[in-house]
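Below is one structure; the comments refer to it alone.
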Amino acid sequence: KLSSSGGFSGGQKQQQQQQRKDRKALSLEPAPTDSDEARRRKVALKEDVRLVLESKVAEHVPQSDFSRFRYLVHMPGSATGSYSRNLQYLWAHGSIILLWNQGAAEHYYQYLVPGTHYLPVDAATLGAAMDHLERNDTLQRRLRAGARHFALTYLSGASLIQRWKAVLDVLDRRQHDIDDASRPPQDDACTCDPDLLAANTFARCAKCVITNLTGSKLNRFLGIVPKLPPPRRRRRRRRKNVPIIGARK
């Protein structure tokens, strides 16, 4: 738009000046470095994880309701900070198991096959894994069937009985292989069994107090619930002898 003097109007002049400033600022802006790119990716990753946690992961629910959810994520434990036994209860719910990468392991972990029984995830791969699962019905069916088969094969009652029988059989063979010369004297053996203690067959063990723990005390000892810090003892302040003004001697 032309002004009455034949030039550009004031609004157009301000717009051109602002555009020149923007071009100048762009020309002076340094090129992005590797650290800037890494920082940008880190921010984008946090946004992806936040999106998944806020929109695709439910709040804490009781275990009896786990079967209502399509995905179950197994996270590291909170009682000790690294291990959770909750995974053994997830396989039979008919859901897809997402196992967070961690260092703890149980006896049956050696039989787990990623992509067949579960999907491994962490903060860097959780978002992509969820998107891939949403678009792949075949993978979903394979993971559900694999989790169900794993529960029946390795975590059923009969399977656990066979597992403990194998462990105790090995222990029994090793105990029988010990000759009398290397066997520890009976005086060094101890027990917490009340019948054996009553018969004076063995001495009482120093850690028999564990057998008397019940309820919340036993749960805290085993690490099922967080251990409470010991109560702080309040130090009593000693009152100084302050003279009372006006008191009789």
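The figures that follow rest on heavy atoms only: side chains count, while hydrogens, waters and symmetry mates do not.
- Between Tyr118 and Leu98 there is no side-chain heavy-atom pair separated by less than 4.5 Å.
- Within the 4.5 Å cutoff, the side chain of Tyr108 has no heavy atoms near those of the Thr153 side chain.
- Asn101 approaches Pro120 most closely through the heavy-atom pair OD1-CB, 3.6 Å.
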Let me check something: any side-chain donor-acceptor pairs from residues 165-172 under 3.5 Å, sequence neighbours excluded? List them with distances.
{"from": "Lys165", "atom 1": "NZ", "to": "Asp169", "atom 2": "OD2", "distance (Å)": "2.9"}
{"from": "Asp172", "atom 1": "OD1", "to": "His176", "atom 2": "ND1", "distance (Å)": "3.3"}

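- Follow the hydrophobic side-chain contacts under 4.5 Å out from Leu87 and you reach Tyr111 in the same cluster.
- For the atom pair CG of Leu90 and OH of Tyr71, the computed distance is 15.5 Å after rounding to the nearest 0.5 Å.
- To the nearest 0.5 Å, atoms NE2 (His93) and OG (Ser64) are separated by 8.5 Å.
- Remark: Cys190 SG to Cys205 SG, distance under 2.5 Å.
- Side-chain N or O atoms of Thr116 include none that pairs as donor or acceptor with a backbone N or O of Gly146 at under 3.5 Å.
- For the pair Leu119 and Leu139, the tightest heavy-atom approach, listed with the atom from each and the gap, is CD1-CD2, 4.3 Å.
- Contact record, His117 with Ala147: O-CB, 4.0 Å, taken as the closest heavy-atom pair.
- One distance of note links OG of Ser95 with CG of Leu143; it measures 11.5 Å at 0.5 Å rounding.
- Residues Leu112 and Trp91 form a side-chain contact, since some pair of their non-hydrogen atoms from C-beta on lies under 4.5 Å apart.
- Between the CZ atom in Arg142 and the CG atom in Asn136 there is a gap of 7.0 Å [rounded to 0.5 Å].
- Using a 4.5 Å heavy-atom threshold, the side chains of Ile97 and Phe150 count as separate.
- Across all their heavy atoms, Leu155 and Gln88 have their closest contact at CD1-O, 3.8 Å.
- Taking Arg70 as the reference, Glu134, Gln140, Arg144 meet the side chain to side chain contact (heavy atoms under 4.5 Å, CB included) condition, with sequence neighbours excluded.
- Across all non-hydrogen atoms, the minimal contact from Phe66 to Leu72 is O-CD2, 3.9 Å.
- Nearest approach of Tyr154 to Leu160, heavy atoms of both residues: O-CD2, 4.0 Å.
- Hydrophobic clustering of Ile, Leu, Val, Met, Phe, Trp and Tyr side chains at less than 4.5 Å, counting indirect connections, unites Met75 with Met130.
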